[in-house]
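Here is the naming used below: chain letters follow the sequence lines, and residue numbers restart at 1 for every chain. Computed from heavy atoms alone, side chains included, the values below leave out hydrogens, waters and symmetry copies.
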Amino acid sequence: MSDGTEVRRPSEGDTATGTEVRAEDQFAQQHAEEAAAPPAVGAGTAGTAAAVGDSPRQASLWGDAWGELRRSPLFIACALVALTIVAMAIAPGLFTRTNPRACSLTNSLTPPGPGAVFGYDLQGCDLYANIIYGARPSIIIGFLAAGAATLFGAAVGAIAGYYGGWFDAVVARIADIVFAVPLILGGIVILSALPSRGVWQIALMLVLLGWPQIMRLMRSQVISVKEADYVQAARALGASDGRIMARHILPNAIAPVVVYATIYIGVVIGAEATLTFLGVGLQLPAISWGVLLSEAQNRLLQAPHLLLFPGSILVVTILAFLTMGDVLRDALDPRLR
Amino acid sequence: MGRYVIRRLIQAIPVFLGATFLIYAAVFAIPGDPVRALFGERQVAESTLNAIREDFNLNDPLLVQYGKYIQGVFQGDLGRNFRGRPVWDIITSAFPVTLRLAVTAFSIEIVIGLIAGVFAGLGRGRFIDNLVRVSTIFLVSIPVFVLGYTAQLLFGVELRLLPIAGLRDGWLSYVMPGFVLAAGSMAYITRLARTSLVENLHADYVRTATAKGLPRSRVIGRHTLRNSLIPVITYLGFNLGELMVGAIVTEGVFNLPGIGRATFQAVLAQENSVVVGVVTILVMVFIVSTLLVDLLYAVLDPRIRYE
């Protein structure tokens, strides 16, 4: 890992050694925090940043975090796992030539062996091919629900935190109500109320029940940032609300939200599998990990491989997103440096 | 203090109404006619069906139905299911199972979570810390049903250590479901205890205690741990509601006749009154435990005062 870093650094127009860069980065980082948000960086900070690298972005919190992340073997491993799963979702044909729907009942419940590394399921379908093709719904729901919940929650939270007043009060009450409805229970009830249940419905439901968390996070961040000196300075200079929000508050408030969004992808993937397992998620002709696992529950003794292989890949995927969020949190926390 | 409690309770009213209405409306919208489904294949006169619908207020519009329902709730009447059994009765008869399960899970997560968290915090950066960090993320990543089935395969079928499902073995039957239900919260408690301990170990009052020459065991036991436990205790308050919901999946996997299984069956049978009844109770638990946690916070941390 460290080799790769050393090679990349000079290509960015950087002649200093890694450690020196780190020290100056930190210095610049401190300046950036004291002086202003990145766009309003004072001359001194800009000078430091220019001395460090060719772009001032190097001095930002995100630049620092990125430098830290790409040197973390744990993060790289998890990112690779996540990318592999995403690749599976986009192009399952790259990973298997077997058609997941080409099944033969003579193979029913055959344990792993030559020809089928993960064995066959009840219908005699190749389990490996089903797992590869089953990545798509999980990934789509994960990214869609986490993405939409983050965008919506962050937007509402930023407005509520920045302006306060009646909007804040109304949103807070709505969030309280949604908060009081537990995720799985609410999911069961809402999904049973829908005439058809596909990827979109499940994603929408998870957005509906998931946004208050992000809203609260964003709101508290914005409130804690909005009284900062550099925001007052920007306001004194006559910057509009939109500009203050976009260029001064958001860049400094968004970090925990990004961390939570990463973790929420993993949570969503787990919730989808759980709801499908309970019978209120995706339905049978669909190929998904949740469907495979709910099929496994009645044949636990005869065919444990039906549980273990889809279960493992599900856990590894969730693990990858949660760990990335975890490492990201540490990398974005300047106090831990 | 008294005024604060009253204000919080008043604030809780819209939350309570909103959450129960949300669930009531969702169950109301479930397609299909639950009354006709009650009779299966049998031919029933339309007038009989109508009489039953009338009896359960099913002919009223949503808001009127909900209004009548919530009026009953405030008078202590949670309604009946379609077979005429009072919902309160269904909940109270299933409650002991869920309560025992939750108590088992609660004890497991407190004991193991705290011990693991304290060891990780004291050995920060060392092997034990990394081990705890990796294993907690791992535990959080496993969906409850996958963990449950894997545990059944491993401890029930392969090793034959614990009963696989059902309630025939007394308290022993609750051990495996308890661990499975506790897993996620246990990991969370571990991390919470660790983070809070690490933060407090650098606090001024800890340095003072060490400088006074107190033995390390006393510095940690009396000064650091006590303050580090505050966030853990507050989390435990929220956790109670979480465990009751987590019981839906756990009781399904382990075939325990508790509230979780009753709820899930009620959703499938469109037993509106049962589902909303359980949610009503859960929301009450949620509101009361949040309030208690906030009040407890003020007791544990004298810096916090409520007006």
| Looking only at heavy atoms, which two atoms of B:A19 and A:I177 are closest? And how far apart? | N-CG2, 3.4 Å
| Is any side-chain heavy atom of B:V146 closer than 4.5 Å to a side-chain heavy atom of A:P310? | no
| Side chain / backbone / both / neither for A:L314 at chain B, heavy atoms under 4.5 Å | side chain
| remark: Rounding to 0.5 Å, atoms CD (B:Q152) and CG (A:L307) come to a distance of 9.5 Å
| query | Nearest 0.5 Å, what's the CD1-CD1 distance between A:I184 and B:I248? | reply | 7.5 Å
| query | Above 12 or not: heavy atoms from other molecules or residues under 6.0 Å from CZ of B:F155? | reply | no
| message | Return the CG to CZ distance between A:L293 and B:F145, rounded to the nearest 0.5 Å. | response | 4.5 Å
| task | Please check if atom OH in B:Y188 has more than 12 non-hydrogen atoms from other residues, nucleotides or ligands closer than 6.0 Å. | result | no
| request: Considering non-hydrogen atoms only, spot the tightest contact between A:L322 and B:S141 and give its length. | output: CD1-OG, 3.5 Å
| task | Measure distances from B:I142 to the heavy atoms of chain A and classify the residue's part below 4.5 Å as side chain, backbone, both or neither. | result | both
| Which one, A:I174, A:V189, A:T323, A:D176, leads in non-hydrogen pairs under 4.5 Å with chain B? | A:V189
| message | I'd like to know whether A:T274 forms a side chain to side chain contact (heavy atoms under 4.5 Å, CB included) with B:V144, so could you lay out the CA-CA distance, the side-chain angles of the two residues, the decisive distance to 0.1 Å, and finally the verdict. | response | CA-CA 8 Å; A:T274 304; B:V144 172; over 6 Å; no
| said: Can you tell me which portion of B:L153 sits under 4.5 Å from chain A's heavy atoms? Options are side chain, backbone, both or neither. | reply: side chain
| field | side chain to side chain contact (heavy atoms under 4.5 Å, CB included) evaluation trace for B:V253 with A:F277 | value | CA-CA 10 Å; B:V253 170; A:F277 157 79; 4.0 Å; yes
| request: Answer with side chain, backbone, both or neither: which region of A:F179 has an atom nearer than 4.5 Å to a non-hydrogen atom of chain B? | output: both
| query | Among A:V178, A:L185, A:I190, A:L308, which residue forms the greatest number of heavy-atom pairs with chain B at distances under 4.5 Å? | reply | A:L185
| message | At a 4.5 Å cut-off on heavy atoms, which part of A:I188 comes close to chain B: side chain, backbone, both, or neither? | response | both
| field | Residue part contacting chain A, namely of B:T20, when any heavy atom lies under 4.5 Å | value | neither
| query | For atom CZ of B:R126, is the number of surrounding heavy atoms from other residues, nucleotides or ligands below 6.0 Å larger than 12? | reply | no
| message | For a side chain to side chain contact (heavy atoms under 4.5 Å, CB included) check, start with the C-alpha distance between B:R191 and A:D326, then their side-chain angles and the critical distance, and finish with the verdict. | response | CA-CA 12 Å; B:R191 299 209 125 196; A:D326 207 44; 2.9 Å; yes
| said: Does any part of the side chain of A:I318, heavy atoms only, come nearer than 4.5 Å to the side chain of B:P143, both counted from C-beta? | reply: yes
| Is atom OH of B:Y235 surrounded by more than 12 heavy atoms (other residues, nucleotides or ligands) closer than 6.0 Å? | yes
